[in-house]
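Convention: sequence-line order gives letters A, B, ...; per-chain numbering from 1.
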2 protein chains.
Amino acid sequence: MKRLTLKDVARMAGVAPSTVSFVLNGKAKQMRIRDEVAQKIMSVVNQSGYEPHRVAVNLRTGQSKTLGLIVESISGSFFASLARTIETEAERLGYNVVYCSTENNAEKGGELIRMLGRQMVDGYLITPAPGMENEIRRLLQMHKPVVLMDSYFPGIKAPYVLIDNFHGVQLGMDHLFERGYRKIGYVTVDVSLIQLAERQRSYTQALKKKDIPFRKKRVLELNYHDSREQNLATLEAFIQENSDMDAIFFATNYLGILGLEAMGRLKISMPKQMAAVCFDDHDIFRLYPPGITVIEQPIEGIAAKAISLLMKQLDKQSGPLKESQVALPGRLIVRSST
Amino acid sequence: MKRLTLKDVARMAGVAPSTVSFVLNGKAKQMRIRDEVAQKIMSVVNQSGYEPHRVAVNLRTGQSKTLGLIVESISGSFFASLARTIETEAERLGYNVVYCSTENNAEKGGELIRMLGRQMVDGYLITPAPGMENEIRRLLQMHKPVVLMDSYFPGIKAPYVLIDNFHGVQLGMDHLFERGYRKIGYVTVDVSLIQLAERQRSYTQALKKKDIPFRKKRVLELNYHDSREQNLATLEAFIQENSDMDAIFFATNYLGILGLEAMGRLKISMPKQMAAVCFDDHDIFRLYPPGITVIEQPIEGIAAKAISLLMKQLDKQSGPLKESQVALPGRLIVRSST
DNA sequence: AATACTTACAAAATCGATTTAGCACAGGTG
DNA sequence: CACCTGTGCTAAATCGATTTTGTAAGTATT
C-alpha cells in the first residue's frame, strides 16, 4: 500500500540505491555501470512501476520542474489561450505550470512572485502590470529565469515576447483607409502600459502618413479606475460629440466591448453609421452582430516563443540570450463592422 | 546570498534546530520551551525574515499544502469565477492551488489526476467529466480528500457541491409561464452528465405541472461530437420545424450562444418572435442585444462550500462528513429576451 | 613484486525541515 | 541515600531522492 521508494527498487534489484539512481538518470555510462546491471534495474523499475518522488528530487536538486505563470486576469480570454499553449508546451518538456492572477493589482503581483519564489518555481512567465517593475528587477538580480509577455518595461532589460503593436494598429488603419474611412477616432485607457503607448503612436503615425490631420478631439482616453458605467457614459458622450466620425479604433478588447454597448445604446448601426476595429479578438466580436473587425494576437506564437526563451535560460546558461526581445506580427480579421 | 535555513536561525539564537522548529510550529508549550527562549527565537526569526523551505517541509510531513483544481475548460467563464474564489479562499487557509483542464477529455483527466498525485497535492477539487469515474473512485479508495463540483456520478459516493439544477430550471420555466409562454422548446446535448439529465427532468415536470402536454418534437438533443457548424445547422432546422414555438430553454450556456447565432441567422427577433432562457450566465448574454434571461449559478457559493468540505476532510478526519452532498439555489436574472 | 590505474559498484553525505528518543539537572519521596 | 518525576532542552533519526567519496577486485606498469 505504501509508496515504492528508490531503496525498495534497489533491494529488489540487489544493488545499492545510488546505482539505481545513476541508471535512472542516464548516468550509467558515466558511472560505468555494466549493461547487464542497468538492464536488470530497468526491468525492475518497469515491472514495479516505480516513479521517483518529485518532492524529494526537488529538495535534493533544487529543481522543481515547475514554471510560474502570472497573468493580469485569469478570466480573460487572452489568458485562456495562453495558458493552454503554455501548459501543453511545458508538459512536453517535463514541466508543470502554476497559474496566478494579479487582478491588475501591483501589490498582489509582488506578493505572488514572492509566493512562487517560496514555492520554488524554476522560472517565471509574466504579463507585467504597472507597478511590478521592482519585483521583476529583483528576479533578474537573483538570476531567476524570466520572460515577459504581452508587455514590458522600457527600463528593464528582461526578455519579452509580444505582438508587434505598431504593426498591428497599422494593419487595422490601412484596412480602414482602404475601405474609405478617413475620420477615424481612437479610444484608449490611461494605464501606463508600453503596448498602449505603442498602439497610439501607430495610430497617429498612420494618420500622418495619409496626410490626415491629427485631431485631439478624436482621441478618448478613458479612466481605468472609473466604474464601468461611468466609462460607458463618457464613451457615449465622446461618440455623440464626434458625430461626424466614420470609424473608431479601440485599443483593447475591453474597450471594444464597451464600445459595442455604447453604440448599441445610441442605436448607431455598424458599419453604416460608424465602423469599428478593435485590437485583440474576443468571443463576443465573432458573435455580436454584425461581427467586429479585429487585430488578432498570435497568442499561440507568443506562448511558444516565451517558453522557448525561458527554456534557453533554464538550460545551464547557454550564453546571455541573444534575440531576447521578440515582436510577432498580428493578423487582421475582417468582419462586417468595417 | 544563500537561503536562510532553520539551522542558521538556531545558531543565531543559540539553540538547537529542533527547538526552533517546535517554537515555529506552535509546540512550544507542549515541548516545555521557556517563554524567554521562545521569544528570543521569534525575534531572531522576525529579524532575519526566515521562511521555512516548503519543499523540505513537504518531504518531511507529506503535506504539500497544495490543492488541485481540475476543470473542464480553463477558458470557460464558469472556471474563471470558480478559480478566483477558490484561490483566495485557499490562500486564506494557507493553501496553494494548481489548475488543470481536462478539455473535456476523459483520458487527459485521468492523466491529470495521476500527475497531480505524483505532484502530491493534498486534495482535489474536480468538475467531473464523463469517463473520469474510475479515476475518482481510485482517489476515494486511496482516501484522498476529494470534492466534486458542478456535477457528480450517481454511483460514486463522493462529496459534491452544485447548483440545484431542478430548482433552477423550474425558476426559468415559471418565469416563462408567467410571461405567458406555453409552447416551450428545450435544447440540450448528449453528454451523459447528471446535471443535464436533472435539468431535462425539471423541464418535463414543469410542463406536466402546468398540464401542458410534453411533445418530443420540441426537444432537441445536439450531438456533442458534431462540429460547431453542424450543430448550428441542426439547431436552425429545429427552430424552423417548430415555427409555432414561442420560447426556447437552453440547457447550457454553450447551447445558448449557439442559439443566439442560429436565431441571428434566421433573423428571428427576440423576444417578439421567440423568447429564450438559458441555464448558466455568460458575458455575452449581458451584452448581446437584447440581453438574454438566464439562470445564474451561485459560483462563489459553490466554490466556498467546496473548499470548506475539502478542508473538513483534510482536518484529521473529523468524522465521515455528514451533509456532504450540497445543492445551492440558482438565481433568475431577467433580461429582455423574455 | 610493488605500485598505479581501471572498473564497477557501495557507502555515506546531503538537501532542510519535523519528530522521536534521550539526557542532564532539579526537586520530591520513601 | 537511592529512586522517581518533571523540566527544558539537544541529539539523532527520518522523509526519498542525488551526488560525492570510498573501496575491493582486477589489470597494467615499472
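With dG16(C), dC9(C), dA17(D) as the candidates, the nucleotide lying closest to the side chain of R34(A) is dC9(C). In this structure, of dA17(D), dT10(D), dA10(C), it is dT10(D) that holds the atom nearest to the side chain of T19(B). For S18(A), taking side-chain heavy atoms from C-beta onward, the closest of the listed nucleotides dC9(D), dG16(D), dT19(D) is dT19(D). The side chain of Y50(B) sits closest to dA17(C) out of dG16(C), dC9(C), dA17(C). With dT19(D), dC15(C), dC9(D) as the choices, the nucleotide that has an atom nearest any side-chain atom of F22(A) turns out to be dT19(D). For R60(A), whose side chain is taken as the heavy atoms from C-beta onward, the closest listed nucleotide among dA11(C), dG16(C), dT14(C) is dT14(C).
For the pair V23(A)/V15(A), no side-chain contact is recorded, criterion being any heavy-atom separation below 4.5 Å from C-beta on.
For the pair Q63(A) CD and dG16(C) P, the computed distance is 15 Å after rounding to whole Å. Whole-Å rounding puts the K29(B) NZ to dC9(D) P distance at 12 Å. Whole-Å rounding puts the L24(B) CG to dG16(C) P distance at 16 Å. The CG-P distance, from N25(B) to dT20(C), rounds to 12 Å in whole Å. Whole-Å rounding puts the M31(B) CE to dT7(D) C1' distance at 12 Å. Protein atom NZ of K27(A) is 19 Å distant from nucleotide atom P of dT7(C), rounded to whole Å. The NZ atom of K40(A) sits 13 Å away from the P atom of dC9(C) (whole-angstrom rounding). Rounded to whole Å, atom C1' of dT14(D) lies 17 Å from atom CZ of R3(A).
Nearest-nucleotide positions on DNA chain C place V57(B) closer to the 5' end than the other of R32(B) and V57(B). Toward the 5′ end of DNA chain D lies the nearest nucleotide of T61(B), the other residue of the pair P17(A) and T61(B) mapping further downstream. The residue among L59(A) and D35(B) whose nearest nucleotide of DNA chain D lies closer to the 5′ end is D35(B).
Residue S21(A) is classed as a base contact, given a heavy-atom separation below 4.0 Å to a base. When heavy atoms are screened at a 4.0 angstrom cut-off, K7(A) is found touching no nucleic acid atom at all.
D122(B) and S64(B) are linked by a side-chain donor-acceptor pair at a separation below 3.5 angstrom, with hydrogens and angles left out of the test. In the model, N46(A) has no side-chain atom that pairs as donor or acceptor with a side-chain atom of S43(A) under 3.5 Å.
Nearest heavy atom pair, residue L310(A) against residue V146(A), reads CD1-N, 3.8 Å.
Under the 4.0 Å criterion applied to side-chain N and carboxylate O atoms, R11(A) and D8(A) are assigned as salt-bridge partners.
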